[in-house]
Amino acid sequence: MKTLLLKKDEVRRLIGMTEVIGAVEEAYRAFNSDQVEQPDYIGIELPSPRGEIDFKLGYYKANEVISMKASSGGFIDNPTAHGVPNGMATIFLFDARSGALVCVMDGSLILGLRTGASGAVSVKALARKDARKVTSVETGNQARMQIRAINEIMQIEEIHAWDNNRDTLFKYKTDIESEYGIPVIVANSKKEAVEQADILITTTRGKGSLVEADWVKTGTHIVAIGTDQRGKQELDPEIFRNAKIVVDSIAQCAEKGETWHPLNKNIIAKDDIHGEIGEVLLGRKPGRESDDEITIFDSTGMAIQDNTTASKIYQNAIANNVGTFFQFFE
């Protein structure tokens with residue numbers, strides 16, 4: 001048995017956003033169908049100016065693949081000090097029947113793609129059908145991925161954007177308008193941007209000022225992406241008090257996600273969490289039930305998303321003879 005190596009440019013050619021959205025939907029359904037074994041992920045916060053590194057492991061019974069992803073972010077000195085990106089990811093795929101390593105692939109694109117796709121899946125399930133205005137709080141790579149994915153499943157009429165970094169903000173405006181033809185309105189304040197949202201996307205590193213509860217209008221769907229460790233926070237916990245709360249994993253979000261904050265302040269109890277997104281997709285729990293509801297999707301990211309997405313890439317690579325095989329086992 002040989003092991004397949006897939007580099008970043010090869011991964012880029014092997015999957016599109018529509019396929020990723022399908023893989024993420026499959027992952028969420030599998031998670032709530034007793035098809036997944038997924039231990040708690042491990043996160044290590046390193047001293048400044050370094051960032052963090054996370055390890056996520058998952059077994060999907062349906063495809064007999066075990067995936068392990070190591071992903072890092074926030075290493076701000078990497079490009080100048082070490083000649084590598086400030087965030088990286090690597091995914092390993094193992095054949096669950098033998099334990100053999102069958103594929104090593106660059107995971108940096110998968111991380112962005114599947115996280116973007118998760119937002120789109122939540123929009124399909126929880127946003128108002130007449131939602132047209134998207135607000136992006138922060139305008140980095142993941143904000144772009146969210147737009148890329150959501151644009152696949154709905155018509156975005158305009159984007160309201162806010163970022164502390166004005167250079168990043170205006171580059172986002174230029175790039176989004178050029179690539180998608182969607183007008184981007186640069187907000188004068190975070191409050192101004194949030195007040196316009198039918199769909200609010202927060203993709204910060206979760207350590208700045210918060211989105212305040214009284215900025216959020218009725219009927220808004222919130223895609224909360226930035227909080228995946230304690231110490232990070234994007235939303236005023238009061239937003240949760242009267243919202244429909246849907247999470248990717250209750251176990252993760254209650255301990256490490258945005259949902260931890262209102263739980264910790266006793267604004268909500270665990271029973272107030274409506275359910276997991278897989279339950280909504282399977283029809284076990286209702287999605288949006290009224291145009292006036294504020295809905296929140298708290299996503300900490302799950303190993304099973306990496307598993308289904310990377311497995312599809314691996315299958316596409318085999319089918320199209322892409323990548324390099326090497327003899328890992330003697």
Side-chain angles (χ1 to χ4, degrees), residues 8-9 11-25 85 87 108-204 211 215-217 219-226 234 287-288 291 295 297 299 305 309 312-313 316:
K8 187 173 183 176
D9 285 344
V11 170
R12 182 181 285 111
R13 291 189 278 120
L14 286 167
I15 199 162
M17 183 56 85
T18 300
E19 276 188 302
V20 179
I21 291 171
V24 169
E25 287 184 332
S108 55
L109 292 175
I110 295 173
L111 176 61
L113 286 166
R114 64 86 156 152
T115 307
S118 69
V121 172
S122 82
V123 166
K124 284 205 291 184
L126 297 167
R128 298 194 329 268
K129 298 307 179 188
D130 65 348
R132 294 292 180 267
K133 294 181 181 180
V134 175
T135 288
S136 184
V137 173
E138 299 292 334
T139 53
N141 180 62
Q142 186 46 233
R144 295 160 185 260
M145 283 293 187
Q146 291 291 324
I147 296 301
R148 179 177 172 184
I150 292 169
N151 193 54
E152 291 281 328
I153 56 98
M154 65 167 277
Q155 181 182 353
I156 305 173
E157 288 185 354
E158 63 187 34
I159 298 168
H160 295 259
W162 179 88
D163 196 302
N164 273 321
N165 186 318
R166 303 296 284 182
D167 291 339
T168 302
L169 176 58
F170 280 97
K171 188 173 191 313
Y172 171 90
K173 174 180 169 66
T174 299
D175 292 346
I176 294 295
E177 290 182 340
S178 172
E179 186 170 355
Y180 302 109
I182 303 169
V184 176
I185 299 163
V186 173
N188 294 313
S189 67
K190 189 193 303 186
K191 178 177 184 289
E192 180 182 289
V194 170
E195 287 174 339
Q196 296 298 316
D198 296 328
I199 297 166
L200 170 62
I201 302 165
T202 59
T203 58
T204 75
V211 171
W215 302 348
V216 180
K217 68 183 182 184
T220 301
H221 174 56
I222 301 172
V223 183
I225 295 296
E234 299 185 297
R288 174 174 289 273
D291 283 350
T295 54
F297 177 55
S299 173
Q305 295 170 258
T309 306
K312 183 62 178 175
I313 291 167
N316 289 348

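If you're wondering where the values come from, they're calculated on a predicted model, not measured in any experiment.
Here Lys190 contributes atom NZ and Asp163 contributes atom CG; the two are 10.0 Å apart, rounded to the nearest 0.5 Å. Atom OG1 of residue Thr203 and atom CE of residue Met145 lie 12.0 Å apart, to the nearest 0.5 angstrom. Note that CD1 of Ile150 is 7.0 Å distant from OG of Ser122, once rounded to the nearest 0.5 Å. Atom NZ of Lys133 is separated from atom CD1 of Ile159 by 13.0 Å, given to the nearest 0.5 angstrom. Taken to the nearest 0.5 Å, the CD1 atom of Ile201 stands 12.5 Å off from the CZ atom of Phe297. For the atom pair Glu158 CD and Ile182 CD1, the distance stands at 10.5 Å (nearest 0.5 Å).
A salt bridge links Glu195 with Lys191; the closest basic N to acidic carboxylate O contact falls under 4.0 Å. Using a 4.0 Å cut-off between charged side-chain N and carboxylate O, Glu25 and Lys124 make a salt bridge.
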- Would you please test Ile147 and Glu179 for side-chain contact (heavy atoms from CB on, under 4.5 Å) and show each step? CA-CA 11 Å; Ile147 296 301; Glu179 186 170 355; over 6 Å; no
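Nearest heavy atom pair, residue Leu14 against residue Asn316, reads O-ND2, 2.7 Å. Of all heavy-atom pairs between Leu169 and Ala161, the closest is CD1-CB, 3.6 Å. Taking every heavy atom of both residues into account, Thr220 and Ala197 meet most closely at OG1-O, 3.3 Å. Val186 approaches Glu192 most closely through the heavy-atom pair O-OE2, 4.4 Å. Of all heavy-atom pairs between Ser136 and Tyr172, the closest is CB-OH, 3.6 Å. The minimum heavy-atom distance between Lys173 and Glu177, with the atom names listed, is NZ-OE2, 2.9 Å.
Counting heavy atoms from C-beta on, the side chains of Met154 and Ile199 come closer than 4.5 Å.
With Thr309 contributing its side chain and Gln305 its backbone, the two residues share a donor-acceptor pair below 3.5 Å. Between the Ser118 side chain and the Thr115 main chain, a donor and an acceptor come within less than 3.5 Å of each other.
Screening Asp198, Val194, Leu200 for a side-chain contact (heavy atoms from CB on, under 4.5 Å) with Lys217, the sole residue that qualifies is Asp198. Of the residues listed (Glu234, Gln142, Glu138), the one engaging Thr204 in a side chain to side chain donor-acceptor pair (under 3.5 Å) is Glu234, and it is the only one.
Checking Arg288 against Thr295 by side-chain atom types alone, a donor-acceptor pair falls below 3.5 Å. Side-chain contact of Gln196 with Thr135: a donor-acceptor pair under 3.5 Å is absent, judged by distance alone.
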